[in-house]
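We're numbering straight along the sequence, starting at 1.
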Amino acid sequence: MNAASILKLMSAKAQFERNHPKFMAFVKAVMSRPMEEGTVMEVTVTRPGEEPLTANIKVQQSDLDLLAELKELSGEMR
């Protein structure tokens with residue numbers, strides 16, 4: 001990833017954090033301790049005028065491996 005792309009991504013991340021501080025606080029609270037295999041994560045999306053859609057996953061080791069890689073990548077971007 002080139003420097004311009006990294007700067008653009010960092011700017012977009014900062015804007016997202018300003019727009020959604022409660023969500024970012026939630027993410028930080030969830031990630032403040034290690035995620036465990038078997039944890040259930042659930043997401044609900046409600047669009048205006050539509051019924052909510054909900055999905056969940058049970059965390060597997062491969063998911064934990066991906067999260068670790070993403071965390072490492074985000075540390076490199078700072």
Side-chain angles (χ1 to χ4, degrees):
M1 187 176 277
N2 66 40
S5 295
I6 291 172
L7 289 174
K8 185 176 178 180
L9 187 57
M10 288 175 62
S11 177
K13 178 184 177 281
Q15 181 66 49
F16 185 87
E17 289 175 342
R18 286 191 299 276
N19 290 345
H20 309 288
K22 290 182 181 179
F23 180 76
M24 294 310 298
F26 167 78
V27 170
K28 287 177 183 174
V30 168
M31 300 306 287
S32 68
R33 58 184 201 162
M35 186 71 61
E36 300 172 61
E37 190 171 0
T39 298
V40 176
M41 298 173 69
E42 185 171 276
V43 176
T44 299
V45 175
T46 307
R47 292 186 174 100
E50 294 184 16
E51 293 294 314
L53 294 171
T54 301
N56 63 56
I57 63 167
K58 185 181 265 188
V59 176
Q60 299 176 15
Q61 185 58 50
S62 60
D63 303 321
L64 297 173
D65 296 342
L66 173 62
L67 289 174
E69 288 184 38
L70 291 172
K71 187 174 181 180
E72 184 177 314
L73 179 62
S74 71
E76 292 175 5
M77 296 172 72
R78 291 185 183 174

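- For the salt bridge (Lys or Arg N to Asp or Glu O under 4.0 Å) test, no residue two or more places apart in sequence or in another chain qualifies with Glu37.
- Hydrophobic clustering (ILVMFWY, side-chain heavy atoms < 4.5 Å, transitive): Leu64 and Val27 are in one cluster.
- A distance of 3.5 Å separates NZ in Lys13 from CD in Glu17, rounded to the nearest 0.5 Å.
- The hydrophobic clustering, which links ILVMFWY residues whose side-chain heavy atoms are closer than 4.5 Å, places Phe23 and Met35 together.
- Of all heavy-atom pairs spanning Lys58 and Asp63, the tightest one is O-OD2, 3.9 Å.
- Under the 4.5 Å side-chain heavy-atom criterion for ILVMFWY residues, a single connected hydrophobic cluster contains both Ile57 and Met31.
- Counted within 6.0 Å of CZ on Phe26, heavy atoms from surrounding residues, nucleotides or ligands total 12 or fewer; the atom is thus considered open.
- Smallest separation of non-hydrogen atoms from Val59 and Met41: CG2-SD, 3.7 Å.
- Residues Leu7 and Leu9 fall into different hydrophobic clusters, defined by Ile, Leu, Val, Met, Phe, Trp and Tyr side chains chained together at heavy-atom separations under 4.5 Å.
- When atom types are taken as modelled, the side chain of Ser11 and the backbone of Lys8 share no donor-acceptor pair closer than 3.5 angstrom.
- Rounding to the nearest 0.5 Å places CD of Gln15 at 14.5 Å from CE of Met10.
- A 6.0 Å sphere centred on CD of Glu36 holds no more than 12 heavy atoms belonging to other residues, nucleotides or ligands.
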